[in-house]
Each structure stands twice: as C-alpha cells, then as structure tokens.
Enquirer: 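First, the structure itself, so that you have it in front of you.
Since the model is a prediction, treat every value here as computed from it, not as a measurement.
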Amino acid sequence: MAANDIDIRSLERIKEVDHRLSDQEWAILGILESAIRSPTPETLADAAKQIDVKCPPPQERDEILKYVTNVYEMVVAIASSPSVSGEVQGYLVDIIKALEQRSKGTVLFYHSRQRLWEDSPLLGMAIDDEYNGMVCLPSKSTCSSADKTSTDPLNMYFTEKEKYPPEELKAWQAANSFLARLTAAEVYGPSHQVMHAMQSALEQELSTFTHPGMKECRVLVAADWMQRCAGQMLSWAQENIGVTDVPESDTEIYFENGRLYKGPSAMCLQRWGFWIDRFGVIGKSDSGLSEETRKAALEAMEIMNTVERSVGHTLASAASEEPSEETSIEASEEPLPSQEPSQDTDISDELEEEEPCEWRPAPGRTGRIAVSSDYPGDYESDEPKVVRCSVCGF
C-alpha cells in the first residue's frame with residue numbers, strides 16, 4: 001500500500017473509539033495521519049513540532065497531563081491495530097524520536113519529574129494500558145464484555161476451550177512489534193513484556209496449546225523481539241552475571257520461569273542460551289509449525305548468535321566466572337560500555353519523607369521511576385530534576 005493510501009481512521013483500534021474522541025484527540029490524530037500519508041524526515045519532524053506547539057502552557061497543569069496522555073494513547077492505538085503495517089509503526093517511532101528532541105523543561109507527572117518531551121513521559125503508561133487490556137482471560141469474572149475480546153494469546157493458562165478472535169492474534173503481534181521497535185530505538189527499555197513473550201514461546205511445550213494459530217503467534221512474537229532487540233537483551237543478561245537465587249519479591253529482577261527452563265529466574269546468560277537452543281529446536285521441520293514461523297525462529301537464533309559473537313563475551317566465558325559468596329541482586333554493577341554516565345542530580349534522599357511510591361518501568365531505562373497518586377504539580381523550565389531509584393540509580 002502506498003503511503004498516501006493509508007487510512008489511519010479505518011484502523012481497528014481507532015474505529016473502536018472514534019465515537020468518543022474529543023476535539024483534542026481528533027486534532028492529534030489528524031497530525032499523525034497527515035504525516036503518515038506523506039512520510040519524509042521533514043513531515044515526520046513537522047508532526048512532532050505541531051504536537052509540541054499544541055501542548056498546553058505551563059500554568060494549565062491538569063491540561064498538560066491530559067494532553068500528553070492523549071498523544072501517546074493515540075499513537076499506541078494506531079500501532080496496536082491488527083491491520084497496521086510495520087511501515088506505519090516505523091513512522092510513529094520516528095515521530096516519537098523527533099518529539100524527544102523538543103524539550104520543554106521538566107514536568108511533575110504523578111510524583112515523578114520527567115523531561116517533556118525528552119523522557120517520553122506517560123508513554124509507558126499508555127503501553128501498559130494497552131498491554132494490560134490484552135491480558136484478561138475470558139473466563140475471569142472480573143473481565144468486562146469489552147475486555148473479553150482483548151485477551152493475551154500468550155497466557156500460559158489459555159486453553160483451546162476459550163474462543164479467541166483471529167484478529168486479536170494479529171493485534172497482539174502488532175502491539176509487541178511496536179514495543180520492540182521502541183526498544184530497538186532506545187525510546188523504551190527492555191521490560192516485562194519481552195520476558196513474558198519469550199517465556200510463553202520458548203519456555204513452554206507448544207504442543208500443550210492446540211488453539212489454531214496460538215503456537216504460530218507465540219513464536220512469531222518472540223522471534224520479532226529478538227530480531228529487533230537481541231543486543232539490548234544480551235546487555236541486560238550481562239548486567240546479571242553472577243546472580244543465581246532471585247527472590248520472587250524482587251520485581252526488579254525476578255521473572256518467573258516457564259516449565260522447561262530450570263535456570264535463575266532472571267534475565268541472565270543461561271536463559272539467553274536456553275532461548276537460542278529453543279529457537280533451533282522450534283525451527284526444525286518436525287516442529288509442526290509453518291515454514292514461515294520456522295524460518296523466523298531460525299533467523300532469530302542466528303541473530304542472537306551473531307550478537308553474542310560481536311560483543312566478545314560468550315556464554316562459556318561467563319559460565320567460568322564463579323560468583324562471590326556475597327553475590328546479591330542489590331549489589332551495584334559497573335555500567336556497560338555503551339552506557340553514558342548520567343548528568344542528572346541524584347535526589348533520592350529527598351524521597352524519605354514523601355509518601356511511599358510504587359515503582360514502574362521507565363521508558364528508555366532499565367530502572368524505575370516513582371509513581372504515586374499525586375496529581376501533576378509544578379511545571380519547570382530550569383535544569384531537570386529527576387527522581388532516581390535508590391537501588392538501581394536510574
């Protein structure tokens with residue numbers, strides 16, 4: 001489809017909500033649609049400029065929160081539609097990247113000061129809302145009728161008895177592919193979503209899931225993640241060298257194992273190696289999967305092997321390093337060569353007398369940002385003042 005033939009308003013996720021979009025949301029959609037119809041570096045950058053110009057002024061604190069939320073929710077709605085193309089997703093990533101270059105100072109979003117637009121504030125919340133809307137099983141009594149058509153097809157407890165619309169398989173692939181693109185572009189850091197996708201596809205016996213298309217969807221999602229983000233995932237694994245016993249209570253590092261994987265419950269080199277082997281097994285002709293899916297699995301395996309060779313740190317060399325008796329998941333680690341030391345001022349001590357925070361993944365970071373029920377406060381134009389996690393430093 002030619003770029004100028006793309007009809008954003010006909011995408012499924014937009015049609016689901018078009019009857020209740022506000023004038024502001026229609027304006028945002030119009031800006032995105034215009035840029036995507038005639039995509040060039042200039043038009044995509046101009047879209048970011050228009051979005052920035054329409055942002056409410058500093059004194060309208062409530063409106064800033066509403067506007068930024070609407071921007072990212074519209075982006076995510078387009079990107080997670082079942083029939084959206086990878087081309088369109090790429091344009092949306094480019095617009096977000098262009099927005100990051102348009103700094104407006106520091107804003108207090110739910111108790112966390114973030115740079116607008118440099119930190120892509122509230123993008124993570126928009127992604128979580130879309131993602132969590134897809135993880136509600138139809139059999140759960142807490143699901144609304146609307147939720148029952150947005151079920152995570154990767155959930156290990158999903159059975160063939162549950163009716164699952166084929167278009168939702170495509171929606172799940174689209175949502176994960178967009179998040180993988182954001183991660184590859186370093187807009188968003190590796191997160192629980194990628195671990196969930198990898199565990200569901202590679203750490204379970206696919207033969208236990210006989211729902212048509214379910215196995216194919218699982219493997220294609222996992223392969224797409226590794227084809228785009230293998231480098232980031234290997235770097236994450238290297239951060240946890242020496243980590244063995246991970247308590248379930250540590251949500252910073254702990255990720256539940258699938259039935260087939262017996263190593264540490266974290267993103268580690270042992271898990272990385274297990275995934276490579278599993279892609280190889282799944283890619284064999286006797287796996288029962290389609291040729292397209294088997295090809296994707298083998299391509300993911302080769303990319304992971306290539307990335308591993310390129311960093312010069314093999315699984316064998318890592319395995320030879322014995323962890324000290326004092327190894328702790330809280331211990332500080334040296335930054336990876338690719339990481340730049342942060343210039344932000346650490347003010348974590350100032351949090352001691354404030355209300356307790358819930359920690360959530362921060363876009364573009366492997367650490368956490370503080371989130372509470374506080375409504376947005378001050379809007380500042382001076383030097384950024386960033387709340388950091390006292391554990392990970394981010």
Side-chain angles (χ1 to χ4, degrees), residues 131-132 134-140 151-164 168-169 172-173 175-176 179-180 190-227 229-230 233-234 236-237 240-241 243-290 293-294 296-301 304-305 308 315 318-319 329:
Y131 189 91
N132 293 335
M134 294 183 175
V135 297
C136 185
L137 282 173
S139 58
K140 294 285 186 69
T151 307
D152 168 15
L154 308 185
N155 194 302
M156 70 178 67
Y157 302 111
F158 195 92
T159 72
E160 62 177 327
K161 296 180 181 179
E162 307 285 6
K163 301 300 181 182
Y164 198 88
E168 289 300 320
L169 292 173
W172 186 255
Q173 287 180 254
N176 276 272
L179 186 50
S191 58
H192 65 92
Q193 288 98 332
V194 60
M195 296 299 293
H196 177 52
M198 301 304 291
Q199 182 227 58
S200 298
L202 305 180
E203 298 179 9
Q204 314 293 333
E205 286 288 1
L206 295 179
S207 61
T208 62
F209 294 85
T210 57
H211 186 285
M214 184 79 64
K215 292 183 287 187
E216 306 282 339
C217 178
R218 287 176 169 223
V219 176
L220 288 173
V221 166
D224 190 42
W225 268 107
M226 289 302 101
Q227 288 169 7
C229 306
M233 295 303 292
L234 181 55
W236 191 5
N240 294 325
I241 290 176
V243 172
T244 54
D245 298 323
V246 184
E248 187 173 351
S249 60
D250 193 321
T251 56
E252 284 286 329
I253 294 183
Y254 178 85
F255 292 98
E256 183 180 5
N257 293 357
R259 295 182 179 90
L260 300 180
Y261 171 65
K262 307 302 181 183
S265 301
M267 182 57 227
C268 58
L269 291 176
Q270 185 174 341
R271 203 164 200 165
W272 165 271
F274 178 83
W275 290 347
I276 292 177
D277 292 341
R278 283 290 290 162
F279 271 130
V281 171
I282 290 172
K284 292 181 179 179
S285 58
D286 60 355
S287 66
L289 298 174
S290 67
T293 302
R294 288 188 284 107
L298 295 177
E299 287 177 351
M301 178 188 70
M304 293 176 74
N305 282 324
E308 184 180 313
L315 294 172
I329 58 177

Enquirer: What I'd like to find out is whether the side chain of Trp275 reaches to under 4.5 Å of the side chain of Glu203, using heavy atoms alone.
Expert: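 Result yes, sub-4.5 Å side-chain heavy-atom pair found.
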
Enquirer: Within the structure provided, determine whether Ser265 and Glu248 are in side-chain contact (heavy-atom separation under 4.5 Å).
Expert: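 Sidechains of Glu248 and Ser265: no contact.
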
Enquirer: What are the two closest heavy atoms between Ala180 and Cys229, and how far apart are they?
Expert: O-SG, 3.1 Å

Enquirer: Any chance you could measure Thr293, atom OG1, to Leu298, atom CG, to the nearest 0.5 Å?
Expert: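 The OG1 atom of Thr293 sits 11.0 Å away from the CG atom of Leu298.
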
Enquirer: Just by distance, do the side chain of Asn257 and the backbone of Lys262 share a donor-acceptor pair under 3.5 Å?
Expert: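 Side chain of Asn257 to backbone of Lys262: no pair is present.
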
Enquirer: Could you measure the distance from the CG atom of Asp245 to the CG atom of Asp250? Nearest 0.5 Å is fine.
Expert: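 Reported value, rounded in 0.5 Å steps: 12.5 Å.
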
Enquirer: Is the closest side-chain heavy-atom distance between Asn176 and Asp224 below 4.5 Å?
Expert: no

Enquirer: Taking it one step at a time, do Leu202 and Tyr261 satisfy side chain to side chain contact (heavy atoms under 4.5 Å, CB included)?
Expert: CA-CA 9 Å; Leu202 305 180; Tyr261 171 65; over 6 Å; no

Enquirer: When rounded to the nearest 0.5 angstrom, what is the spacing between CD1 in Ile241 and CD in Gln270?
Expert: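 With rounding to 0.5 Å, CD1 (Ile241) is 12.5 Å from CD (Gln270).
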
Enquirer: Please find the pair of heavy atoms, one from Gly288 and one from Glu216, that lie closest to each other, and give the distance.
Expert: O-OE2, 4.4 Å

Enquirer: So, the side chain of Arg278 versus the backbone of Gln204: is there a donor-acceptor pair under 3.5 Å, distance only?
Expert: yes

Enquirer: Would you find a donor on one side and an acceptor on the other, under 3.5 Å apart, between the side chain of Ser200 and the backbone of Ala197?
Expert: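 No; judged by distance alone, with no hydrogens or angles, the pair does not exist.
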
Enquirer: Please report the closest heavy-atom contact between Val194 and Met226, naming both atoms and the distance.
Expert: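 Shortest heavy-atom contact: CG2-CE, 4.3 Å.
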
Enquirer: With under 30° as parallel and over 60° as perpendicular, where do the rings of Trp172 and His196 fit, or are they tilted in between?
Expert: perpendicular

Enquirer: Between Arg218 and Ala201, what is the shortest heavy-atom contact and its length?
Expert: O-CB, 3.3 Å

Enquirer: If you look at every heavy atom in Arg271 and Ala266, which pair is closest and at what distance?
Expert: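 Nearest heavy atoms, Arg271 then Ala266: CD-O, 3.2 Å.
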
Enquirer: Is it the case that the side chain of Gln227 and the backbone of Ala296 share a donor-acceptor pair, with hydrogens and angles ignored and the cut-off at 3.5 Å?
Expert: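 Confirmed, Gln227 side chain pairs with Ala296 backbone.
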
Enquirer: Are the side chains of Gln199 and Phe255 in touch, meaning some heavy atoms are under 4.5 Å apart?
Expert: no

Enquirer: Is the closest side-chain heavy-atom distance between Asn240 and Leu269 below 4.5 Å?
Expert: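 Asn240 vs Leu269: side chains apart.
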
Enquirer: Between CD1 of Ile276 and CG of Asn305, what distance do you get to the nearest 0.5 Å?
Expert: 4.5 Å

Enquirer: For Gln193 and Leu179, indicate whether the former's side chain and the latter's backbone hold a donor-acceptor pair under 3.5 Å.
Expert: no

Enquirer: At what distance, to the nearest 0.5 angstrom, does CH2 of Trp236 lie from OG of Ser191?
Expert: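 Between atom CH2 of Trp236 and atom OG of Ser191 there are 6.5 Å.
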
Enquirer: Let me confirm one number: the CG-CE distance from Asp277 to Met301, rounded to the nearest 0.5 Å.
Expert: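 If we round to the nearest 0.5 Å, Asp277:CG and Met301:CE are 9.0 Å apart.
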
Enquirer: Show your reasoning for whether side chain to side chain contact (heavy atoms under 4.5 Å, CB included) applies to Met233 and Met304.
Expert: CA-CA 9 Å; Met233 295 303 292; Met304 293 176 74; over 6 Å; no

Enquirer: What pair of heavy atoms forms the shortest contact from Arg294 to Ser287, and how long is it?
Expert: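 Of all heavy-atom pairs spanning Arg294 and Ser287, the closest is CD-OG, 3.3 Å.
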
Enquirer: With side chain to side chain contact (heavy atoms under 4.5 Å, CB included) as the criterion, how do Glu299 and Phe279 come out once you've worked through the C-alpha distance, each side chain's angles and the decisive distance to 0.1 Å?
Expert: CA-CA 9 Å; Glu299 287 177 351; Phe279 271 130; over 6 Å; no

